[in-house]
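Numbers for residues simply follow the sequence, beginning at 1.
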Amino acid sequence: MSGEVESWPALSFLEGLRPGPDESVELALLASYSADLGTIGATLLALAGKDSDAGRGSPSDFADAVERLRGKVRIIIQRGRLAKMRRTPRIAAVLDQFVREVDFDEATHSWHPKAALVRTRSEEGDIGWRLWIGSRNLTECVNRDIGLLLTSGAKGGSPIPGADELARALADRAALKGVHSAALATTIAKVAWRAPAGVRVERIRWSAGNGEQTAPIPPTGTDEVVIVSPFIDKTFLARQTPKSGKPARRVLLTTMREIERVGPSLTAFDDLLALDAPDYPVGDPEPDSVSSTSSADVADGDGDGDEEEQIGRGLHAKLLFIRAGRKRTLWLGSANATMRAWTGRNAEVTAELLITDAIEKGLKALLGSARLVQAPDTEYAPDAAMLEEEALERARAQVAARWAATLSIDGDEASLTHRSDLYPGGPHPDESDIVLEVGPLHGEFIIWPAQQDEVRLGTVVPAERSEFVRLRVSRGEKGLSWLQRAPAEPPFGEDRDRAAFVRFLGARGFLLWVAGLLADDGRLSEGDWADERQLNRKALGANPALDLSLPTLEEMLAAWARDRDNFREIERRVSDYLPAVLEQAAEEDPQTAAMLRRFNDLWSKLRIGLGANIRGTHP
């Protein structure tokens, strides 16, 4: 948001997460209704400051982001709303450690907030905070969304009521070791937040999903009410009418599908406006082997590589604007224009703002991009296809709500075991003719018979093990698939990550990773983590000096002299990963293995010469 332009600027969501050049992320708690693995990977790259201008990152950048952010980041989503990428790279298995799901039953309420709370530390040790609240989900879909970014800073900033409640709720759900919700809430309550020009934040409104909120009502003297939302209901719209005083101008911007569904009551609005319906993740994507779409293109939403996110045509922003005289109040955030959203049945977050006329012009520019339509004479009656879609969505919600499965590995065989007193026969939907299938992240679907509390998923090699499992409900030719976590017993831990990265990077990628860490100059490595077809697994050959990207003795010594603490961290990674890389290279290519052994000898002599022990610590 800006007070200098009539249209609100189109800015990348990832830009708000990326730390400054002298900063690193110490904590990041993100909430979203839905997510997909590609966007989660892009988010980690941004938080680690390793993403390119196009929002992508190389295999070594991705590995470095996971290493840096392990135990510091949680992404909290509604269970049943994690989408599979159209082409899922096998390394995506390691993303399970960053995701936690909320088991709300969507028949009654949903986990629906969109927020990000990030703590950074500068090289001088200064702590900074960022808080983003908006409407954007963590998915590849590019729609018309809106968000508010607040940053900490005493100059021109002030504490915001309700920010502490949001922080407490995110920390409770994140369950990160060492992050105490009460202490975090106390800290956030004292932070002085700076808002964009033309905006004053009155409060942040957090709803926990307990149904204990009240929806705003336009006060007497209201001149104008503007509602922007992709979903609406009659009761909420009716309440946005001042009860007394002069008639207020009322404007509604939504989608044609909602206009047709709600019908004639919308004639009460002075202006009824429509934009396209928002895009959502593909409900039942083709198998990886069939898809011809590059996941690199998917993750960015377009193929042109622009840093700014292209504005989508679909409406996904949620706004409520009330103007009374010179007072302009704007609510923005995750809440749709429904009673379920505004009365607290859903978990939602919104920001209540006082804005200037310059910011109001941005709203009017959004309205000006829509088309004026007439309210229909009758309400739309759903057809058979829509009823079937609703049945599958209902089945998805039931499976997600009833899910109580854990994952175990016996040898290389993976199994799911469902333990629930309420649903002892498994998490199956109510309609018995809807088939439930399950499978590993990479593998075939297997039908899960009803009244069976265990299902075997087949062989899963260590590098591909993940708490993410694939689920699908179907009836006839229509189906709906998604991903869900099944906590592993025992947890996989860092050994799984090392196995995955060794296989993912290969010898060449590993050495490029080490070279990048030693150089510490922000250089971008080659390839794209999300597109396995682009990854170069070619052996380096017998003469590594031909590749200028490889670590050199000069770079090793320079890294030690520049930052000994960072050098110790690099040494830890070399010690953790090099033995497994050597083992893999010995099986695949003897020349590459010999070259890696020479690198290992050089590295060992360097550490001894610098007085470092096996873990890179100094006396």
Side-chain angles (χ1 to χ4, degrees), residues 12-31 40-51 57 60-76 97-98 115-133 149-160 163-164 166-168 170-171 174-195 494 513 516-523 559-573 616-618:
S12 167
F13 167 73
L14 299 180
E15 185 76 18
L17 302 181
R18 190 180 301 124
D22 66 339
E23 294 177 331
S24 60
V25 168
E26 290 192 329
L27 176 68
L29 306 177
L30 294 91
I40 290 173
T43 298
L44 293 178
L45 285 164
L47 288 168
K50 304 294 289 187
D51 58 331
S60 55
D61 292 329
F62 179 83
D64 197 35
V66 172
E67 285 283 340
R68 291 188 186 196
L69 299 173
R70 182 186 293 115
K72 300 177 181 178
V73 175
R74 278 283 195 270
I75 296 169
I76 311 156
Q97 62 196 288
F98 298 101
L117 178 64
V118 181
R119 183 178 72 212
T120 61
R121 182 183 294 272
S122 70
E123 292 178 354
E124 292 75 28
D126 297 326
I127 298 296
W129 291 94
R130 300 183 188 190
L131 177 59
W132 176 88
I133 294 170
L149 179 63
L150 306 172
T151 57
S152 63
K155 186 177 180 180
S158 61
I160 297 175
D164 55 337
L166 172 60
R168 184 191 303 272
L170 295 181
L176 267 174
K177 185 177 181 181
V179 178
H180 304 289
S181 58
L184 181 61
T186 299
T187 297
I188 295 301
K190 299 175 183 176
V191 171
W193 296 100
R194 292 182 297 178
E494 294 182 28
W513 183 23
L517 294 172
L518 290 168
D520 194 27
D521 57 3
R523 69 177 63 175
W560 178 81
R562 183 172 55 249
D563 188 335
R564 297 190 185 188
D565 289 336
N566 188 55
F567 187 85
R568 293 203 264 294
E569 177 61 22
I570 297 171
E571 203 289 325
R572 181 189 69 81
R573 296 188 193 181
T617 57
H618 293 266

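Remark: side-chain polar atoms of Arg562 are paired, donor with acceptor, to backbone N or O of Leu518 under 3.5 angstrom. Arg130 places a side-chain N or O within donor-acceptor distance of the main-chain N or O of Gly16, the cut-off being under 3.5 Å. At least one donor-acceptor pair under 3.5 Å links the side chain of Arg74 to the backbone N or O of Gln97.
With Trp560 as the aromatic partner, Arg564 meets the cation-pi criteria of under 6.0 angstrom to the ring centre and within 45 degrees of the ring axis.
With values rounded to the nearest 0.5 angstrom, Trp193 atom CH2 is found 5.0 Å from Ile188 atom CD1. Going from atom CG of Leu47 over to atom CG of Leu30 covers 6.5 Å, rounded to the nearest 0.5 Å. Atom CG of Asp64 and atom CG of Leu69 lie 9.0 Å apart (nearest 0.5 Å).
When each of Leu131, Ile127, Val191, Asp126 is paired with Ser152, the side chain to side chain contact (heavy atoms under 4.5 Å, CB included) condition holds for Val191 and for no other. Between Glu26 and the options Lys72, Arg68, Arg121, a salt bridge (Lys or Arg N to Asp or Glu O under 4.0 Å) holds for only Arg121.
Heavy-atom minimum distance, Leu44 versus Val66: CD1-CG2, 4.5 Å. Counting all heavy atoms, side chain and backbone alike, Val73 lies closest to Phe98 at O-CD2, 3.7 Å. Minimum heavy-atom separation, Ala171 to Leu184: CB-CD2, 3.8 Å. In terms of heavy-atom proximity, Val118 sits nearest to Ala28 at CG2-CB, 4.2 Å. Of all the heavy atoms in Ala167 and Ala185, the pair that sits closest is CB-CA, 4.5 Å.
In this structure, Arg18 pairs ionically with Glu15, as a charged nitrogen and a carboxylate oxygen lie closer than 4.0 Å.
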Requested in this report: Please assess Leu166 against Leu117 for the test side chain to side chain contact (heavy atoms under 4.5 Å, CB included), listing each intermediate value before the final yes or no.
Outcome: CA-CA 9 Å; Leu166 172 60; Leu117 178 64; over 6 Å; no

